Amino acid sequence: MVSYRQLIDISNATILALVKAMKNVGVNEQIIWNEMSFTFRDLLKETDLIFGGNDVKSIADSFAAKMKEIGLCQRVIINEANDNKVVIDIGDCVFSSACRRLRGEDYMSQPPCPMIAILYSSINEHLGKEGYVSDFKTNPQENTDEFTISLEG
């Protein structure tokens with residue numbers, strides 16, 4: 001039986017290989033982000049990863065609780081959530097080793113984040129809002145990233 005640690009390692013290696021392959025053939029990161037968001041929107045309908053709420057804040061709060069509950073992220077803090085943006089601090093994510101390797105020594109580099117794609121997909125699905133990551137900060141010592149998602153519509 002595969003251990004949880006092995007499952008995480010295999011998942012990280014898969015994400016790393018796929019993103020590197022896409023970048024090597026010239027696919028830019030914005031296209032990767034967009035595809036992740038579209039794919040997650042469809043996948044979320046088929047799973048129990050449905051985040052409740054009828055506004056941005058309640059969806060973001062539901063997302064944070066569910067990510068911690070199922071163990072995808074040890075730390076999810078919604079610093080701000082309103083009709084125009086979400087500021088979220090994510091730490092100790094199961095995909096952090098893939099992100100670290102994609103980022104390399106460029107700490108300002110923002111690799112495509114599955115967790116942010118899931119959150120954005122939920123907001124888009126429930127509220128029809130379009131959005132993009134407008135700001136990103138990382139703290140490698142704490143293994144945390146802060147994303148600002150700007151929303152329109």
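Because the structure is predicted, anything quoted here is derived from the model rather than measured.
Separation of atoms OG (Ser96) and CD1 (Ile8) is listed at 8.5 Å; rounding is to 0.5 Å. Residue Lys137 holds its NZ atom at 5.0 Å from CD of Glu146, rounded to the nearest 0.5 Å. We find the CG-NE2 distance between Asp55 and His126 to be 11.5 Å, quoted to the nearest 0.5 Å. Here NZ of Lys66 is found 10.5 Å from CG of Leu72. Values are rounded to the nearest 0.5 Å. Atom CD1 of Ile88 and atom CD of Glu80 lie 12.5 Å apart (nearest 0.5 Å). Cys99 SG to Ile15 CD1: the interatomic distance, rounded to the nearest 0.5 Å, is 7.5 Å.
Note on Ile10: it does not cluster hydrophobically with Ile70, by side-chain heavy-atom contacts below 4.5 Å among ILVMFWY residues. By the criterion of side-chain heavy atoms lying less than 4.5 angstrom apart, applied directly or through intervening Ile, Leu, Val, Met, Phe, Trp or Tyr residues, Ile59 is not grouped with Ile77; the two fall into different hydrophobic clusters. In this structure, Ile116 is a member of the same hydrophobic cluster as Met22, with clusters built from ILVMFWY side-chain heavy atoms closer than 4.5 Å. Follow the hydrophobic side-chain contacts under 4.5 Å out from Leu151 and you reach Val133 in the same cluster. Follow the hydrophobic side-chain contacts under 4.5 Å out from Ile31 and you reach Phe136 in the same cluster.
Closest non-hydrogen pair, Pro114 versus Phe95, comes out as CG-CD1, 3.8 Å. Heavy atoms only, all atoms of each residue included: Cys73 and Ile90 are closest at SG-CG2, 3.7 Å. Taking both residues in full, the closest heavy atoms of Ser58 and Gly53 are given as OG-CA, 3.0 Å, listed atom of the first, atom of the second, then distance. The two residues Met115 and Met67 come nearest to each other via the heavy atoms SD-SD, 3.6 Å. Contact detail for Gly71 and Val94: the closest heavy-atom pair is O-CG1, 3.4 Å.
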*Let me see the working for Ser122 and Phe63 under side-chain contact (heavy atoms from CB on, under 4.5 Å), right down to the final yes or no.*
CA-CA 9 Å; Ser122 295; Phe63 167 84; 5.7 Å; no

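Using modelled atom types, one side-chain atom of Lys129 and one backbone atom of Gly153 make a donor-acceptor pair closer than 3.5 Å. Judged by distance alone, with hydrogens and angles left aside, the side-chain atoms of Ser121 form a donor-acceptor pair with the main-chain N or O of Ala117 at under 3.5 Å. With hydrogens and angles disregarded, a donor-acceptor distance shorter than 3.5 Å links the side chain of Thr39 to the backbone of Glu35.
When each of Asn84, Val86, Ile78, Asn82 is paired with Val56, the side chain to side chain contact (heavy atoms under 4.5 Å, CB included) condition holds for Val86 and for no other.
Legend: side chain to side chain donor-acceptor pair (under 3.5 Å) pairs involving residues 11-22, not counting sequence neighbours, sorted by first then second residue: Asn12-Ser97.
For the residue pair Arg75/Asn143, the side-chain donor-acceptor check at 3.5 Å is not satisfied.
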